[in-house]
Amino acid sequence: MAAAEEELALGFQRRFLAARPLRSFPWPELEQKLKTSSDSSLLVDILHKTILHPLCVKYPSSVKYRRGFLTELIKKHESTTAEPLDELYDTLADILNKEESTHCYKNYLLPTGESVTLSENVAIISRGTTGLVTWDAALHLAEWAIENSTVFSNRTVLELGSGIGFTGIAISKTCNPKAYIFSDYHHCVLKQLTENICLNGFVLEPETTNHIEMQSQGQKVEVMNYQKPKLTVAELDWGSVTEKQLMDLQPDVIIAADVVYDPEITLALIGMLQKLSTYRADGKPPEVYIAFTVRNPDTYHQFKAELDKIGIGWQIIPAHRNSIFLYDLHSNVNGHIYFSVQGQHSSEELFSSQCSIKLLCINDCASIL
Ligand SMILES: C[S@@+](CC[C@H](N)C(=O)[O-])C[C@H]1O[C@@H](n2cnc3c(N)ncnc32)[C@H](O)[C@@H]1O
């Protein structure tokens, strides 16, 4: 197969395994190639790199997604003069026999050749939480982390509002952190998060960890401590975090994705960042990186205003390439933003060290600022 066709098939593979929206696939390029080719080898190759790929066979995307993709592929085939391709119809028949489920898998390919496999909910909001799916900001943040891995290398990273774990698992597999603390406050999310961490080869071995800590307001479960990075899952509610929990954390770097979407939540998050800076044993504030999608400019402006009010500065960090996880830059109202907060307060004891805040804009955020 020609290199261009191989590249096109790999483009389908990367998007399909991660269940990216079907409209984001390079369909026009495929149509073009099919017009000029006399056989169906490209379509067969795409079928084997997607629905019949061993990762998808073991960890399948939703029935609806596979059916939609295959229907589109068959349409493309039928628009050519090539002989009918039994394998396409057999695969469709097989999928039509499958039952829909509330859960599906997504397989995100990493540049290292590894993958992150997640069990996700098919609905974007379920069980009263937004935390059971992976949001585009999580993909943004992971991609930025992979391109800036020195920020995480050999450091203790705390993730706030981890959801089901994509960013942290990707960072743990690619950026060599010393320790990674996933956290969230929703019980269903914490359960799914723990399962996903284990699904990705991080083994839950309570008997070897001798560190399962229960607290009245929070629960911290050590997932593994026999290999690097040391991964933990912490139950952490920004609104009711205890002094003891904060003292235990001591992160060098704090990250969060898609946690700025509701003014009330935002205030709790800022309070948490303030406290985390205060509780550093060495007095040095942690670096903070937050990725988010600006859905409502008012929420975004309010977030910055609240930061300004308490003396946490902020700064935009330039956009990075979007070539690994291929998130959709145009699916949301205004785009995606990353920013980094290194907190301090100019006069109070809260933040006695240097203040420097950075915002990382992925999309056209100049218009929002
Ligand atoms: C939109 S989801 C983002 C999940 C994940 N970071 C991602 O981008 O895919 C927001 C997450 O923040 C968590 N969250 C919201 N409020 C929280 C709070 N007060 N304390 C801890 N976590 C919170 C939710 O449980 C949810 O998992």
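Counting starts at 1 for both ligands and their atoms, in listed order.
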* Asked: Which bit of S162 gets closer than 4.0 Å to ligand 1, counting heavy atoms only: side chain, backbone, both or neither?
  -> backbone

* Asked: How would you list, by chain and number, every residue that makes a salt bridge (Lys or Arg N to Asp or Glu O under 4.0 Å) with D258, sequence neighbours excluded?
  -> R295

* ligand 1 and D237, any nitrogen or oxygen pair closer than 3.5 angstrom? -> yes

* To do: Tell me which protein heavy atom sits closest to atom 12 (O) of ligand 1, plus the residue, atom name and distance to 0.1 Å.
  => G161 CA, 3.7 Å

* Exam field: side chain S153 to backbone S149, donor-acceptor pair closer than 3.5 Å -> no

* **Heavy-atom closest contact (A9 atom, K49 atom, distance)** => CB-CD, 3.7 Å

* Using 30° and 60° as the class limits, which term best fits the ring planes of Y300 and F292: parallel, tilted or perpendicular? -> tilted

* Structure fact -> Short version for A257: what comes under 4.0 Å of ligand 1, heavy atoms counted, is both

* To do: Go through ligand 1 atom by atom and flag the ones less than 4.0 Å from a non-hydrogen atom of T134.
  => 9 (O)

* Structure fact -> Here the atoms of ligand 1 under 4.0 Å from any heavy atom belonging to V133 are 9 (O)

* Quick check: does I265 get an N/O under 3.5 Å from an N/O on ligand 1? -> no

* Compare F182, W135, Y261, F292 and give the one whose heavy atom is closest to atom 9 (O) of ligand 1. => W135

* Can you label the angle between the W27 ring and the F12 ring as parallel, tilted or perpendicular, going by 30° and 60°? => perpendicular

* Answer yes or no: are there more than 12 heavy-atom neighbours, outside E7 itself, under 6.0 Å from its atom CD? => no

* Heavy-atom nearest neighbour in the protein, as seen from atom 14 (N) of ligand 1, with distance rounded to 0.1 Å -> Y185 CE2, 3.5 Å

* Just distances here: any N/O of W238 and N/O of ligand 1 closer than 3.5 Å? -> yes

* To do: Evaluate the criterion ring-ring contact (aromatic ring centres under 6.0 Å, His included) for residue pair Y180 and F152; output intermediate values, then yes/no.
  => CA-CA 9 Å; Y180 197 98; F152 304 92; 8.0 Å; no

* Of the protein's non-hydrogen atoms, which lies at the shortest distance from atom 7 (C) of ligand 1, and what is that distance? -> A138 CB, 3.6 Å

* Asked: For the residue pair F325 and Y108, does the interplanar ring angle fall in the parallel (under 30°), tilted (30 to 60°) or perpendicular (over 60°) class?
  -> perpendicular

* Flag, side chain of S183 to backbone of E235, donor-acceptor distance under 3.5 Å -> no

* Nearest protein heavy atom with distance in Å, relative to atom 2 (S) of ligand 1 -> T130 OG1, 3.3 Å

* Considering D262, D184, I124, which one's heavy-atom position lies nearest to atom 27 (O) of ligand 1? -> D184

* Which ligand 1 atoms, with their elements, are less than 4.0 angstrom from a heavy-atom of G131? -> 26 (C), 27 (O)

* Region of L236 that comes within reach of ligand 1 [heavy atoms, distance under 4.0 Å] -> backbone

Pairs under 3.5 angstrom only: tabulate donor-acceptor contacts from the side chains of residues 91-99 to other protein residues two or more places apart or in another chain.
residue	atom	partner	partner atom	Å
T91	OG1	E87	O	2.6
N97	ND2	A93	O	3.4

